[in-house]
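So the structure is just underneath, and the comments pick up after that.
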Amino acid sequence: VAAGTVLDATRLPFGASGPGAGTVDRRRLRAFYEISQALGAATDLDGLLSALKGQLQKAIPRAQRGAVLLADGQGQLHPELHWPEGNLSLSYTWAKQAFTRREAFITGLDDPDQEGGPPASVVESHTLSAIYAPLLWQGEAIGVLYVDNHEMSSAFTLAESELLRAIANQTAMFAKNRRLLADLQQEVAIRNNLVRQIPPRAVERVLKEIGGLGSTGQVNAVTLLVADARDFPIPPAVRPGDVLQMFDDMLLKFSAILFNHDGTLNRYSGAGYALLAVFGGVEPDRRQHEKALRAASEMQAALRELAQDWAKRNLPPCALAIGLHSGEVMQGFTGSPEQAEYTVIGEAVSRAACYCDGAGQGEIVISPAVYAHVKHLL
């Protein structure tokens with residue numbers, strides 16, 4: 001094309017066609033407004049995409065097929081929504097081009113500007129005309145929006161391409177916001193789950209490492225505390241509500257004591273009431289043996305105080321037996337991030353339980369491995 005030549009955009013085979021090219025009429029402005037309203041009303045990503053599908057078909061009437069693709073962490077595009085039902089008609093080659101170049105474009109089966117000819121998927125789906133627009137949010141491409149027509153080679157105008165590009169940017173903003181909200185909600189769920197098990201000061205570090213620790217596990221030398229409530233009341237001797245309240249009383253007291261001494265709450269289990277806590281697991285601790293012993297002593301004192309309070313409510317007392325042992329265990333977080341459970345496995349766990357079984361009411365029995373580190377305190 002010679003310099004200075006003025007092209008008629010309405011006659012460009014792969015630009016715009018028909019009257020009104022290069023402008024956005026009232027219908028399109030209204031369509032864009034309605035799409036913005038629909039996207040704003042969506043409460044999750046599925047609702048957002050469904051709203052987009054319905055409104056987009058009104059905004060660009062000659063769009064017979066369409067899809068929304070979102071990128072994963074590796075930049076790979078995955079279809080989140082498409083219409084009509086059935087096989088996808090899109091070209092991943094063209095979608096990737098829009099995503100990589102961050103540019104919207106109109107193309108089709110007979111587009112002479114496509115190097116090497118149309119992709120095989122375009123030939124197979126008989127895509128005569130299509131618009132591909134990247135979902136851009138603050139300059140970042142997070143996906144691709146596309147529509148096509150398999151009956152007309154010049155189905156879309158430049159104005160419709162600009163409209164789709166604007167809709168894509170609007171969609172990107174809402175999709176990104178919903179993703180950020182979902183990520184925040186997931187982090188809150190993970191954090192709330194962790195604070196039930198580990199000392200608060202260790203939560204931030206574990207949040208960063210929970211994936212690796214959970215998938216690989218580690219072998220560490222730790223100190224284990226096993227506690228068992230002897231003569232813990234059960235229905236019908238005591239009302240179920242009172243039993244649960246007594247359980248909650250101990251949970252609140254014991255968790256605070258364990259966390260105060262950098263212990264990690266592994267689990268509650270067994271008939272009646274039993275507890276397993278770990279010291280020196282989540283974070284290495286040279287004073288783990290001493291901290292475990294001090295925690296055990298404070299737990300015994302706390303239960304005696306609780307017994308006095310229970311007596312005022314005509315509830316029966318119970319006694320605590322505690323066993324301490326040190327040894328190597330395999331540790332890690334199991335389950336989904338939101339419900340991850342800190343777990344220790346190994347012979348040392350069974351030995352700690354045996355020392356607890358050998359303890360009498362109100363007693364703390366420690367193994368030789370623990371005694372070697374705390375004898376100066378006794």
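Just so it is clear, the structure is predicted and the values come from calculations on it, not from any experiment.
For His373, the ring pair (Phe, Tyr, Trp, His ring centres under 6.0 Å) criterion is met by His289, not counting sequence neighbours. Every residue was checked against the salt bridge (Lys or Arg N to Asp or Glu O under 4.0 Å) condition with Glu298, not counting sequence neighbours, and none meets it. Gln300 pairs by the side-chain contact (heavy atoms from CB on, under 4.5 Å) definition with Arg304, Leu320, Ile322, Ile364, not counting sequence neighbours. Residues passing the salt bridge (Lys or Arg N to Asp or Glu O under 4.0 Å) test with Arg286: none are found, sequence neighbours excluded. Applying the ring pair (Phe, Tyr, Trp, His ring centres under 6.0 Å) criterion to Phe259, with sequence neighbours excluded, gives no partner residue. Under the salt bridge (Lys or Arg N to Asp or Glu O under 4.0 Å) criterion, Asp285 pairs with Lys291, sequence neighbours left out. For the salt bridge (Lys or Arg N to Asp or Glu O under 4.0 Å) test, no residue two or more places apart in sequence or in another chain qualifies with Glu363. Judged as a side-chain contact (heavy atoms from CB on, under 4.5 Å), and not counting sequence neighbours, the contacts of Ser125 are Arg65, Ser89, Thr127.
Counted by atom type alone, Tyr132 and Gln97 present zero donor-acceptor pairs between their side chains at under 3.5 Å. Checking Ser153 against Ser129 by side-chain atom types alone, no donor-acceptor pair falls below 3.5 Å.
Residues Val238 and Pro316 meet the side-chain proximity criterion, which asks for heavy atoms closer than 4.5 Å. Looking only at side-chain heavy atoms (C-beta outward), Val329 and Val219 stay at 4.5 Å or farther from each other. Using a 4.5 Å cut-off on side-chain heavy atoms (C-beta onward), Val349 and Leu276 make contact. By the 4.5 Å heavy-atom criterion applied to side chains, Val144 and Leu77 are counted as neighbours. Taking 4.5 Å as the limit, some side-chain heavy atom of Trp94 sits within range of a side-chain heavy atom of Thr107. For the pair Leu225 and Leu275, the minimum side-chain heavy-atom distance is below 4.5 Å. Looking only at side-chain heavy atoms (C-beta outward), Met330 and Val344 stay at 4.5 Å or farther from each other. Looking at Thr264 and Leu258, their side chains never come closer than 4.5 Å, going by heavy atoms from C-beta outward.
Of the possible polar contacts, one joining the Arg102 side chain to the Gly139 backbone as a donor-acceptor pair under 3.5 Å is found. With Gln331 contributing its side chain and Gly281 its backbone, the two residues share a donor-acceptor pair below 3.5 Å. The closest donor-acceptor contact from the side chain of Asp72 to the backbone of Gln74 lies under 3.5 Å. Formation of a donor-acceptor pair under 3.5 Å by the Glu160 side chain with backbone atoms of Thr157 is found in this model. At least one donor-acceptor pair closer than 3.5 Å links the side chain of Gln64 to the backbone N or O of His150. In terms of modelled atom types and a separation under 3.5 Å, the side chain of Thr100 and the main chain of Lys96 share a donor-acceptor contact. Under a 3.5 Å cut-off, the side chain of Glu328 and the backbone N or O of Asn220 do not form any donor-acceptor pair.
Other residues sharing a hydrophobic cluster with Leu244 under the 4.5 Å side-chain heavy-atom criterion for ILVMFWY residues do not exist; the residue is a singleton. Grouped by direct or indirect side-chain proximity (heavy atoms under 4.5 Å, Ile/Leu/Val/Met/Phe/Trp/Tyr only), Met152 sits alone.
Of all the heavy atoms in Ala321 and Ala359, the pair that sits closest is CB-O, 3.7 Å. Closest non-hydrogen pair, Leu293 versus Leu324, comes out as CA-CD1, 3.7 Å. Looking at every heavy atom in both residues, Leu265 comes nearest to Ser255 through CD2-OG, 3.8 Å. Here the closest heavy-atom approach between residue Phe232 and residue Phe247 is recorded as CZ-N, 4.0 Å. Looking at every heavy atom in both residues, His325 comes nearest to Ser367 through ND1-OG, 2.8 Å. Scanning both residues, Ala302 and Ile257, for their nearest heavy atoms gives CB-CD1, 3.8 Å.
Residue pairs meeting the ring pair (Phe, Tyr, Trp, His ring centres under 6.0 Å) criterion with at least one partner in residues 296-319, sequence neighbours excluded, are absent. Note on residues 50-93: no pairs pass ring pair (Phe, Tyr, Trp, His ring centres under 6.0 Å), not counting sequence neighbours.
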Val123/Leu109 under side-chain contact (heavy atoms from CB on, under 4.5 Å): CA gap, chis, key distance, verdict:
CA-CA 7 Å; Val123 176; Leu109 184 61; 3.9 Å; yes
Should Val147 and Phe156 be marked as a side-chain contact (heavy atoms from CB on, under 4.5 Å) after you check the CA-CA gap, both sets of side-chain angles, and the distance that decides it?
CA-CA 10 Å; Val147 294; Phe156 306 116; 4.1 Å; yes
Hey, mind stepping through Asp357 and Asp228 against side-chain contact (heavy atoms from CB on, under 4.5 Å) and telling me if it holds?
CA-CA 8 Å; Asp357 290 340; Asp228 183 36; 5.6 Å; no
Show the numbers, then the answer: is there a side-chain contact (heavy atoms from CB on, under 4.5 Å) between Asp262 and Glu283?
CA-CA 9 Å; Asp262 299 326; Glu283 292 185 309; 5.9 Å; no
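Rounded to the nearest 0.5 angstrom, Arg294 CZ and Asn260 CG are separated by 11.5 Å. Note that the CD1 atom of Ile106 and the CD atom of Glu162 stand 9.0 Å from one another [nearest 0.5 Å]. Atom-to-atom distance recorded for Leu128:CG and His126:NE2 is 4.0 Å, nearest 0.5 angstrom. A distance of 4.5 Å separates CE of Met299 from CZ of Phe254, quoted to the nearest 0.5 Å. Distance CZ/Arg351 to SG/Cys356: 15.5 Å, rounded to 0.5 Å. To the nearest 0.5 Å, atoms CD (Gln361) and CG (Leu303) are separated by 10.5 Å.
Leu145 is not connected to Leu136 by any chain of hydrophobic side-chain contacts under 4.5 Å among Ile, Leu, Val, Met, Phe, Trp and Tyr, and they are in different clusters.
Under a 4.0 Å N-O distance rule, the pair Lys312/Asp309 does not qualify as a salt bridge. Ion pairing between a basic and an acidic side chain is recognised when a charged N comes within 4.0 Å of a carboxylate O; Asp249 and Lys253 show no such pairing.
When each of Val370, Ile366, Val365, Val226 is paired with Tyr355, the side-chain contact (heavy atoms from CB on, under 4.5 Å) condition holds for Val365 and for no other.
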